Chemist: 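The structure that follows is given in the form of structure tokens.
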Amino acid sequence: MIKLYIQKFGEYEFNDGITIKDILNRLKEDGKKVKNIIGGVLNGKVIDIHTPIKENGELKLITKKDKESLELLRHSLAHIMAQALKELYGDKNVHLGIGPTTENGFYYDVEVEGKRISEEDLPVIEEKMKEIINRNCEIVREELPREEAIKFFEDKKEIYKVDIIKHQIPEGEPISIYKQCDFVDLCRGPHIPSTGEAGAFKLVSLAGAYWRGKEGNPMLQRIYGVAFWTEKELKKYLHMLEEAKKRDHRKIGKELELFIIDEDVGAGLVLWLPKGAIIRNEIENEWKKEHIKRGYQLVYTPHVGRENLWKTSGHLDFYRENMFPEMQIEEDGYFVKPMNCPFHVQIYKSKQRSYKELPIRLAELGTVYRYERSGVLHGLMRVRGFTQDDAHIICTEEQVENEIKGVLNLVLDTLKSYGFNEFQIFLSTRPEKSVGDDRMWEVATNSLKKAIEDVGLDYDIDEGGGAFYGPKIDVKIKDAIGRMWQCSTIQFDFNLPERFDMYYIGEDNKKHRPYMIHRAIFGSIERFIGVLLEHYAGLLPLWLAPIQARVIPISDAHLPYAREVKKKLSEAGLRVDVDERNERMNKKIRDAELQKIPYMLVVGDKEWQTGTVSVRTKKKGNIGVYTIDEFINKTRKLIEEKSTEL
């Protein structure tokens, strides 16, 4: 027997293996009102009405109004798409890989014999999917013995399903299939009760994907879709996708001459052009200033380290596939660094430490290098060489709570200063396999939880989602078009202090193991600048803009005054240029707007005679006439305040 606490209904006792479908019948027999239930959340995991329940815990029954229900919808649409492909191109010609959900939809990796799916095929597949939805096929779950499941999928020529059963499902684990109409798929679930329950969807793109992510395996086609319960939600999301295309940081970076990625230099390696370097320099200078103010000590470490360092840290055992190949120098092996952590540990260990020195906060804008497959590289967002705004805090148990609170406040203050004010916070707790003693996990987890609660923000708990070496907080930021971006991480590490035998001398004159906290605010400078460019659609806040103002003379006769204005503004610390081209004034204004320059200063006879400038912005147009000193005072104030408004 199992005991379940069912939200809104209380505690019940059931036979092992009961399903939500059975539970609903029991609740109805008890006179309870249960309507429109399509699944549930058992101990934090989404399940469908057919999933056997074999453990005690808490069950939340869900309808389409619950956010968890989207997993049921999107997983089922992956199956509906797979069924559509088989009906269109032949059951034995279509070989299915995997079809999971994504943040806003689903995908399926497929191989179609004699056919390469193209963008033109997507509307045809969509129509077939709608036809299957209209059939309202019941979706049912069955379990098969291992050998029977293998034979079943071998007979259907589903070679990838057979591979999953043989190599990814452990012996003794149940093997489940889901059926809808004549379609059958290997799947753990969860799914909606019938195809007719499916909501609004659209197939949006295609990509290549190696089977099981290994380059030696066959290349399958990945078909992506997005899905929501209503057409209104779908249209809103598709509009956001269109807006995202306009804001693509790769397009903006090229148009504004901020950065390039050159094939001769190497994929995923960024070359910062002068204008892009200004943005990066402003961010890095502000970062350093703020960290020094909050008690961090800046350090610099090499780009390479000896093999032995990476053995001690464990990277060669657990992370080698993400590292660049070894270099041999004077019979020693060296690796370019994938992380800064071991170097900071060695700085800490460079002398014996006393409890009186703690906390020690070491910070570095450290460039690291990681091997990413060429297929996943994406502008500044996914690269092979990037700069982490890294810091490591080494402290005593008594200092942990204040340090975490200080880090979280620094994270939020920094992100707000760039115009991000909406956050999602996730607390990831201890997984089944972990290092570190119970007390350290308890102290660390409670300090993270308390810090979030003290700043008054809501958060989600990812039970068991922490790294094996410590719990963590992840902070996501919402951009101007509603997308969430993973940004900051605050991560405890119980592993490296043990591996490197870190200690401090306590008040009792004995050695003690310190607590170690990794943290990054931006994650990487490259990615954060990519997010900024898309958030602001290239029109960055004044303090970050590579060119803050452009002086536009009405005619060549006004060039001397335009140059005089530029000189005065430059001496006041502003980044200014003059458009000296022999073009019409309106074209010069339009070009300055396309270059996302915050201010355009138009000067002619009247401005020259009065020592003024006529000021324009892209958003507001003409905002009036200012003396040069008035304009300097206005812009200095905006820059000092790090204002996101002009």
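Small disclaimer: the values here were computed from a predicted structure and weren't measured.
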Chemist: Would you say Val531 and Phe522 make side-chain contact, with heavy atoms under 4.5 Å?
Modeler: no
Chemist: Contact between Pro100 and Tyr107 at the side-chain level, heavy atoms closer than 4.5 Å - yes or no?
Modeler: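 Pro100 reaches Tyr107 side chain to side chain.
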Chemist: Is the number of heavy atoms from other residues, nucleotides or ligands within 6.0 Å of NZ (Lys202) greater than 12?
Modeler: no
Chemist: Looking only at heavy atoms, what is the nearest atom pair of Glu233 and Phe228, with distance?
Modeler: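 Here Glu233 and Phe228 meet closest at CB-CB, 3.6 Å.
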Chemist: Does atom CD of Glu103 have more than 12 heavy-atom neighbours, drawn from other residues, nucleotides or ligands, at distances under 6.0 Å?
Modeler: no
Chemist: So do Asp493 and Cys341 actually touch side chain to side chain, heavy atoms under 4.5 Å?
Modeler: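 They are not in contact (no side-chain heavy atoms under 4.5 Å apart), so the answer is no.
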Chemist: Go through the steps for Asp121 and Lys115 under the test salt bridge (Lys or Arg N to Asp or Glu O under 4.0 Å), then give the verdict.
Modeler: CA-CA 11 Å; Asp121 295 315; Lys115 170 73 178 174; 3.1 Å; yes
Chemist: Any side-chain heavy atom of Glu534 within less than 4.5 Å of one from Asp248?
Modeler: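 Heavy-atom side-chain distance check passes, below 4.5 Å.
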Chemist: For Pro598 and Leu540, which heavy atoms make the closest approach, and how far apart are they?
Modeler: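 Looking at all heavy atoms of both residues, the shortest contact is CG-O, 4.4 Å.
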Chemist: Go through Ser643 and Glu641 one step at a time and tell me if the side-chain hydrogen bond (donor to acceptor under 3.5 Å, both in side chains) criterion holds.
Modeler: CA-CA 5 Å; Ser643 175; Glu641 292 174 351; 5.1 Å; no
Chemist: Does a donor on one side chain sit under 3.5 Å from an acceptor on the other, for Glu453 and Tyr459?
Modeler: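 Yes - a donor-acceptor pair under 3.5 Å links their side chains.
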Chemist: Are there more than 12 heavy atoms of other residues, nucleotides or ligands under 6.0 Å from atom CG of Asp262?
Modeler: yes
Chemist: Could you measure the distance from the OG1 atom of Thr367 to the CZ atom of Phe386? Nearest 0.5 Å is fine.
Modeler: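 If we round to the nearest 0.5 Å, Thr367:OG1 and Phe386:CZ are 9.5 Å apart.
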Chemist: Would you check, one step at a time, whether the test side-chain hydrogen bond (donor to acceptor under 3.5 Å, both in side chains) holds for Glu364 with Thr301?
Modeler: CA-CA 8 Å; Glu364 176 183 18; Thr301 61; 2.8 Å; yes
Chemist: Which heavy-atom pair separates Glu526 from Leu380 by the least distance, and what is that distance?
Modeler: O-CB, 3.4 Å
Chemist: Strictly below 4.0 Å, N to O, side chains only: are Glu242 and Lys246 in salt-bridge contact?
Modeler: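 Salt bridge: no.
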Chemist: Tell me, do Asn622 and Arg616 make a side-chain contact under 4.5 Å, heavy atoms counted?
Modeler: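 Yes, close enough: below the 4.5 Å cut-off.
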Chemist: Begin from the C-alpha positions of Gln548 and Ile639 and carry the test side-chain contact (heavy atoms from CB on, under 4.5 Å) through to its verdict.
Modeler: CA-CA 10 Å; Gln548 295 166 323; Ile639 290 167; 3.6 Å; yes
Chemist: So that I can tick it off, tell me whether Arg247 and Asp479 are bridged by a salt bridge, with the cut-off set at under 4.0 angstrom between side-chain N and carboxylate O.
Modeler: no
Chemist: Before accepting this row, confirm whether a basic side-chain N of the pair Glu290/Lys293 lies closer than 4.0 Å to the acidic partner's carboxylate O.
Modeler: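 Lys293 and Glu290: salt-bridged.
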Chemist: May I ask you to check whether over 12 heavy atoms, not counting those of Arg590, lie within 6.0 Å of atom CZ?
Modeler: no
Chemist: Can we say Arg280 and Glu284 salt-bridge, meaning some charged N sits less than 4.0 Å from an Asp/Glu carboxylate O?
Modeler: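 A salt bridge is present here (some side-chain N lies under 4.0 Å from a carboxylate O).
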Chemist: Can you name the one residue among Lys275, Lys289, Arg575, Lys642 that meets salt bridge (charged side-chain N to carboxylate O under 4.0 Å, His left out) with Glu282?
Modeler: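 Result for salt bridge (charged side-chain N to carboxylate O under 4.0 Å, His left out) with Glu282: Arg575.
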Chemist: For His378, check side chain to side chain donor-acceptor pair (under 3.5 Å) against everything at least two apart and list the hits.
Modeler: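 Testing His378 for side chain to side chain donor-acceptor pair (under 3.5 Å), a comparison that skips the adjacent residues, returns Arg250.
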Chemist: Is there a side-chain contact between Arg384 and Tyr371, using heavy atoms and a 4.5 Å cut-off?
Modeler: yes
Chemist: Can you tell me if Lys449 has over 12 outside heavy atoms packed within less than 6.0 Å of its NZ?
Modeler: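 Not more than 12 within 6.0 Å, no.
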Chemist: Which heavy atom of Ile252 sits nearest to which heavy atom of Ala537, and what is that distance?
Modeler: CD1-C, 3.7 Å
Chemist: To the nearest 0.5 Å, what is the distance between CG (Leu377) and CD1 (Ile261)?
Modeler: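 Atom-to-atom, Leu377:CG and Ile261:CD1 are 8.0 Å apart.
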Chemist: Out of Ile133, Leu73, Val226, which residue meets the side chain to side chain contact (heavy atoms under 4.5 Å, CB included) rule with Phe201?
Modeler: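 The side chain to side chain contact (heavy atoms under 4.5 Å, CB included) with Phe201 is passed solely by Ile133 among Ile133, Leu73, Val226.
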Chemist: Using a strict threshold of under 4.0 Å (side-chain N to carboxylate O), is an ion pair present between Glu640 and Lys637?
Modeler: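 No, this pair does not count.
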Chemist: Decide whether a cation-pi geometry holds between Arg636 and Phe631; the criteria are a distance under 6.0 Å from NZ or CZ to the six-membered ring centre and an angle within 45° of the ring axis.
Modeler: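 That pair does not qualify as a cation-pi contact.
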Chemist: When rounded to the nearest 0.5 angstrom, what is the spacing between CZ in Phe420 and CG in Leu532?
Modeler: 5.0 Å
Chemist: Taking NZ, NE, NH1 and NH2 as the nitrogens, is one of them in Lys130 or Glu127 under 4.0 Å from a carboxylate oxygen of the other?
Modeler: yes
Chemist: Counting only heavy atoms from other residues, nucleotides and ligands, does the tally under 6.0 Å from CZ of Arg584 exceed 12?
Modeler: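 No, because the 6.0 Å sphere around CZ of Arg584 holds 12 heavy atoms or fewer from other groups.
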Chemist: Near His303 NE2, under 6.0 Å, is it more than 12 heavy atoms from other residues, nucleotides or ligands?
Modeler: yes
Chemist: Is any side-chain heavy atom of Glu593 closer than 4.5 Å to a side-chain heavy atom of Met600?
Modeler: yes
Chemist: Less than 4.0 Å between a side-chain N and a carboxylate O, is that true for Glu571 and Lys567?
Modeler: yes
Chemist: Answer yes or no: does atom CD of Glu422 have more than 12 heavy-atom neighbours from other residues, nucleotides or ligands under 6.0 Å?
Modeler: no
Chemist: Would Tyr418 and Phe528 count as a close aromatic pair, with their ring centres under 6.0 Å?
Modeler: yes
Chemist: Which residue in the set Leu362, Leu365, Val299, Asn340 passes side chain to side chain contact (heavy atoms under 4.5 Å, CB included) when paired with Asp390?
Modeler: Asn340
Chemist: Test salt bridge (Lys or Arg N to Asp or Glu O under 4.0 Å) on Lys251 and Glu255; report intermediate values, then the result.
Modeler: CA-CA 6 Å; Lys251 176 174 172 284; Glu255 292 170 350; 3.3 Å; yes
Chemist: Regarding Glu403 and Arg361, does a basic nitrogen lie under 4.0 Å from an acidic carboxylate oxygen?
Modeler: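 Arg361 and Glu403: salt-bridged.
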Chemist: Over all heavy atoms of both residues, which pair between Ser488 and Val411 is shortest? Give the atoms and the distance, please.
Modeler: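 Looks like OG-CG1, 3.3 Å.
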Chemist: Determine whether Leu569 and Thr635 make a side-chain contact, defined as any pair of heavy atoms from C-beta on separated by less than 4.5 Å.
Modeler: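 No, their side chains stay 4.5 Å or more apart.
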Chemist: Could you please spell out the steps behind the side-chain contact (heavy atoms from CB on, under 4.5 Å) verdict for Leu85 and Ile117?
Modeler: CA-CA 10 Å; Leu85 290 168; Ile117 305 293; 4.3 Å; yes
